[in-house]
There are 2 protein chains.
Amino acid sequence: MQKMINGRPYTETEDGPRFKPCAPNGVLARLGDKWTILVLSHLAIAPGYRLRFSELKHGIEGITQRMLTLTVRNLERDGLLLRHYYPEVPPRVEYELTEMGASMLPALEGFTSWIRDNWPRIEQCRRNYDAEQ
Amino acid sequence: MQKMINGRPYTETEDGPRFKPCAPNGVLARLGDKWTILVLSHLAIAPGYRLRFSELKHGIEGITQRMLTLTVRNLERDGLLLRHYYPEVPPRVEYELTEMGASMLPALEGFTSWIRDNWPRIEQCRRNYDAEQ
DNA sequence: CTGTATCCTCCAGGATACTG
DNA sequence: CAGTATCCTGGAGGATACAG
């Protein structure tokens, strides 16, 4: 069995433990990018976990067509949402959270509550730190 | 009370809910950067939650002096770790997780277990998607 | 040993125009 | 409507040299 620390796999080396960068870093980096969480959040509260491209674009302030396209493509590639294309005129495209996609945000719940609890303190620490420089 | 969906604050607008980008995005972006989680992980398993600069640098493969310095500075600024400077020759600096810092990784546990459970499926989805292009 | 200071490269992400 | 195609800019992050 793979050795684990705080849910992170690692291997022992003569220089100590070496954490594997693969899964957690990659997923967190994706979630931490500028638009992914916003797209997931909007779909998570939509009826049927479904929204049209234009609804997403309209609902997310500041996102460009290009970035929305890239963001949903990545999520589709990861199997977190499905793309439904209706070849009408004008065309209609709906994005739908998969079961896996829908389960992701709730899995973050423990962490988001940690953030909620600690955010004021973090901000205070930043102010203190900046004031000393 | 602030309205919440999946732990994320938002406000209603005439275009639907508008999520606040503040806390979750910022913290996740920080965690998702290239080195932060590795630094936290190493400190989390160190005796006394403490390591010297050189121990961190040696323990994290590929990190440069510059990036390690920047990473620990950011964590110190957020109050997640403390910097202990010993003005000897040669100088010695130890970084120590604060209580808040130590509580962060365990708070991620629910999510890391989600990743563990779903990672194989995500990788499979990526292969399928790429094969179709 | 623990940092700065510089310089450089690459790419995420924005602006804009065009298309089926 | 839902995308591509281009071009552009800022900043993350690496390489290297130097300093206290």
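In what follows, chains carry the letters A, B, and so on, assigned in the order in which the sequence lines appear, proteins first and then strands, with residues in each chain numbered from 1.
Proximity of a side-chain donor or acceptor of A/Glu55 to a complementary backbone N or O of A/Arg52 within less than 3.5 Å is detected. Here the side chain of B/Thr112 pairs a donor or acceptor atom with the backbone of B/Glu109 at under 3.5 angstrom.
If you check every strand for non-hydrogen atoms under 4.0 Å, A/Lys57 touches nothing. As judged by a 4.0 angstrom heavy-atom cut-off over every strand, B/Arg52 is placed among residues touching the sugar-phosphate backbone only.
One interatomic measurement links the two molecules: CG of A/Asp33 to C1' of D/dG11, which rounds to 16 Å at whole-angstrom precision. Across the protein-nucleic acid pair, B/Leu70 atom CG and D/dG11 atom P stand 15 Å apart, rounded to whole Å. To the nearest angstrom, P of D/dG14 lies 8 Å from CD1 of B/Ile63. Remark: P of D/dA2 and CG of A/Leu51 are 11 Å apart, rounded to the nearest angstrom. Atoms CD (A/Glu76) and C1' (D/dG3) sit 13 Å apart, rounded to a whole Å. Atom CG of A/Asn25 and atom C1' of D/dG13 are 15 Å apart (whole Å). Distance, A/Ile60 CD1 to D/dA2 P: 13 Å, rounded to whole Å. A/Glu55 places its CD atom 12 Å from the C1' atom of D/dC1, with the value rounded to the nearest Å.
For DNA chain C, the outermost nucleotides in 5' to 3' order that have an atom under 4.0 Å from a heavy atom of chain B are C/dC1 to C/dT6.
For the pair A/Thr69 and D/dG3, the criterion of a side-chain N or O lying under 4.0 Å from OP1 or OP2 is not met. Between B/Arg30 and D/dA12 there is no side-chain polar atom (N or O) within less than 4.0 angstrom of OP1 or OP2.
Within 6.0 Å of CZ on A/Arg121 lie no more than 12 heavy atoms contributed by other residues, nucleotides or ligands.
Comparing D/dG13, D/dG3, D/dA17 by their closest approach to the side chain of A/Gln65 singles out D/dG3.
Of the candidates A/Glu94, A/His58, A/Gln65, A/Phe53 forms a side chain to side chain contact (heavy atoms under 4.5 Å, CB included) with just one, namely A/Gln65. Results of the side chain to side chain contact (heavy atoms under 4.5 Å, CB included) test with A/Leu75 over A/Leu43, A/Thr36, A/Leu97, A/Leu70 single out A/Thr36 as the only residue that passes.
B/Tyr49 and B/Tyr86 are members of different hydrophobic clusters when ILVMFWY side chains are connected at heavy-atom separations under 4.5 Å. Following chains of ILVMFWY side-chain contacts shorter than 4.5 Å, one cannot reach B/Met104 starting from B/Leu82, and the two form parts of different hydrophobic clusters. In the hydrophobic clustering of this structure, B/Val72 does not group with A/Tyr129; members are Ile, Leu, Val, Met, Phe, Trp, Tyr whose side-chain heavy atoms approach within less than 4.5 Å, directly or through other members.
Nearest heavy-atom pair across B/Ile63 and B/Lys57 is O-NZ, 3.4 Å.
At a non-hydrogen distance threshold of 4.0 Å, B/Arg83, B/Pro90, B/Pro91, B/Val93, B/Tyr95 from residues 83-95 of chain B come into contact with DNA chain C.
In this model, no side-chain donor or acceptor of A/Arg66 finds a partner on the base of D/dG3 within 3.5 Å.
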